[in-house]
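Worksheet: one structure, shown below.
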Amino acid sequence: MTVIVRFAPSPTGYIHIGNARTALFNWLYAMQNGGQFVLRFDDTDVERSRQEYADATLYDLHWLGIFPDHVKYQSQRFDVYDQAVETLKAKGLLYPCYETEEELELRRKIRRTRKMPPVYGREALALTEQEKAEYEAEGRKPHWRFLLPNFVSDPLEPRSTKVTWNDIIRGKQTVDLASLSDPVLVREDGTYLYTLPSVVDDVDLGITHVIRGDDHVTNTGVQIEIFKALGAEPPTFGHHNLLTTASGEGLSKRSGALSLGGLREDGVEPMSIASLAVLHGTSENVIACHNMLELSEHFDPKTVSKSAAKFDPDELVTLNRTILHQMDFRDAQDRLGAHGVSGERAEEFWNVVRGNLDRLQDAAGWWRIVREGPHEPVLFGEDDLDFVRAAFNVLPEEPWDRTTWKTWTAAVREATGRKGKQLFTPLRLAITGRDSGPELADLLPLIGRDAMLARKP
Ligand code: GLU
């Protein structure tokens, strides 16, 4: 059996690192099993869904390293859902209801005072044809509920009915259908809620594994019954814990917080995001993985914990430093070029500065320093000024290499009597305008003698 997974975002905003977790779990699961990955846009809500969000989602996934085998839009499949509705109606499993929201709320209140579970009491099942006709004449349109199989012969006498499945992440799961209302599948205006189209598509696209957030655990109990009602075998399910902010808040597409696009603009590397999104909230250590293959070696659904995965976005900065520090020039080359870092010495330069970067684009600042000197004139006190001038007077002749720094500083020590910090800090400032950065021994040969002399104050 070929594993087929799907990632099913609704294109109502830009995807964030929490959505990336779901997408990556699916992608890595498919990778590990030689499977396929379907990107399905859940855009049945045509009001809120937008093509620009779908396009941005695909772009973000590519950027992250996920390349879907198929892309589907639910908005192009309404006729298929209509057929499923007819099937369910024919089986007597989808029934019309006419209650307004206020009426339902009132009923829930009454049930609570009677110590009954606040679920829908299936009053609509008792409506006569005459009563339905009267509602319709009043101008009411029905919404349609799926009849959960939680009774023996009389739906008005529901009883405990356990649906169980072996979750590839959470182990054995149970949902009691008696604790749930019959779900509304079709609204008054004929539009679909998410529940039915998702099942219909999972059947049609041959989805073998549904891996999604644990906010869908209850849905799964319901959807397993819809699969069966449509005559299909339910897929295997896996529900992962959700990433939340350090204060425990969920991430939302609407707020735009920690969106992949925003993180990209902030210079966060895709593999920093992927490493955190996959390994956080598991029993694995969060380490910087450099590619999907490496990440897939650390991904195991069984290690995912059941509680929410709170995380601190600063962890991304730490991962980013590690990723950049070890990044090969070939992998950085194109983006460096876009930041003006190119030419014969670009590779040597990259190898020297990469260990000092929080973000790849920070390399551009160092490139300017190497070629043009400090961004701002450096203001020295009188003592340091004399010292730096004396130091530049004893710069060795070329050719320069990594040993030049040692030769030079030995000569400077000899000429000025300074050593340690007193010697190094003013020289670093004179050369780079910054008090920390890449090894000066590495920078000197990149800068060269003439450009160094131009920095003499
Ligand atoms: N569109 C749903 C969501 O974003 C998909 C859930 C699922 O994977 O079935 O929550």
Side-chain angles (χ1 to χ4, degrees), residues 3-30 35-50 53-54 56-58 60-61 66 68 70-78 81 84 146 163 165 167-170 173 175 183-185 191-227 230 232 234-244 250-256 258-260 277 301 304 308:
V3 165
I4 308 179
V5 298
R6 87 299 194 276
F7 171 54
S10 37
T12 54
Y14 297 108
I15 58 169
H16 52 61
I17 188 166
N19 303 126
R21 181 175 182 81
T22 310
L24 285 160
F25 272 35
N26 280 285
W27 178 249
L28 294 172
Y29 195 81
Q36 295 187 1
F37 178 103
V38 176
L39 170 61
R40 186 187 85 201
F41 287 112
D42 284 3
D43 56 351
T44 52
D45 182 345
V46 286
E47 292 281 300
R48 287 178 50 221
S49 301
R50 292 222 224 117
Y53 292 134
T57 297
L58 194 54
D60 287 343
L61 290 179
I66 292 177
H70 306 281
V71 179
K72 300 280 172 192
Y73 288 83
Q74 290 198 321
S75 57
Q76 293 169 4
R77 295 174 45 79
F78 286 121
Y81 312 141
F146 175 68
V163 181
W165 69 94
D167 196 289
I168 56 168
I169 295 173
R170 296 168 66 89
Q173 296 293 295
V175 169
V184 176
L185 301 188
T191 59
Y192 287 101
L193 281 103
Y194 143 83
T195 317
L196 177 67
S198 180
V199 172
V200 171
D201 287 345
D202 289 340
V203 175
D204 268 20
L205 304 174
I207 302 300
T208 60
H209 292 72
V210 169
I211 303 172
R212 56 188 178 186
D214 59 15
D215 48 339
H216 286 288
V217 166
T218 309
N219 274 342
T220 296
V222 169
Q223 287 182 324
I224 284 178
E225 294 307 327
I226 300 179
F227 277 102
L230 293 173
T236 302
F237 288 91
H239 295 88
H240 64 75
N241 54 353
L242 301 181
L243 287 184
T244 69
L251 305 175
S252 123
K253 270 197 225 124
R254 260 168 278 175
S255 76
L258 293 161
S259 71
L260 295 199
V304 178

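Order of listing sets the numbers, starting from 1, for every ligand and every atom in it.
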Does the distance from a Lys or Arg side-chain N to an Asp or Glu carboxylate O, for D204 and R77, drop under 4.0 Å? yes
Should the pair Y194 and H216 be assigned to parallel (<30°), tilted (30 to 60°) or perpendicular (>60°) ring geometry? tilted
Just say parallel, tilted or perpendicular for the rings of H239 and F237, cut-offs at 30° and 60°. parallel
Students should find this: residues with any non-hydrogen atom under 4.0 Å from ligand 1. What is the answer? R6, A8, D42, Y194, S198, R212, H216
According to salt bridge (Lys or Arg N to Asp or Glu O under 4.0 Å), does anything in residues 211-220 pair up with another residue at least two apart or in another chain? List the pairs.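 Qualifying pairs, neighbours excluded: R170-D214.
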Counting N and O atoms only, with roles assigned by atom type, does the side chain of N19 sit under 3.5 Å from a partner on the main chain of H16, one being a donor and the other an acceptor? yes
Would you say the side chain of D201 lies within less than 4.5 Å of the side chain of R40, judging by non-hydrogen atoms? yes
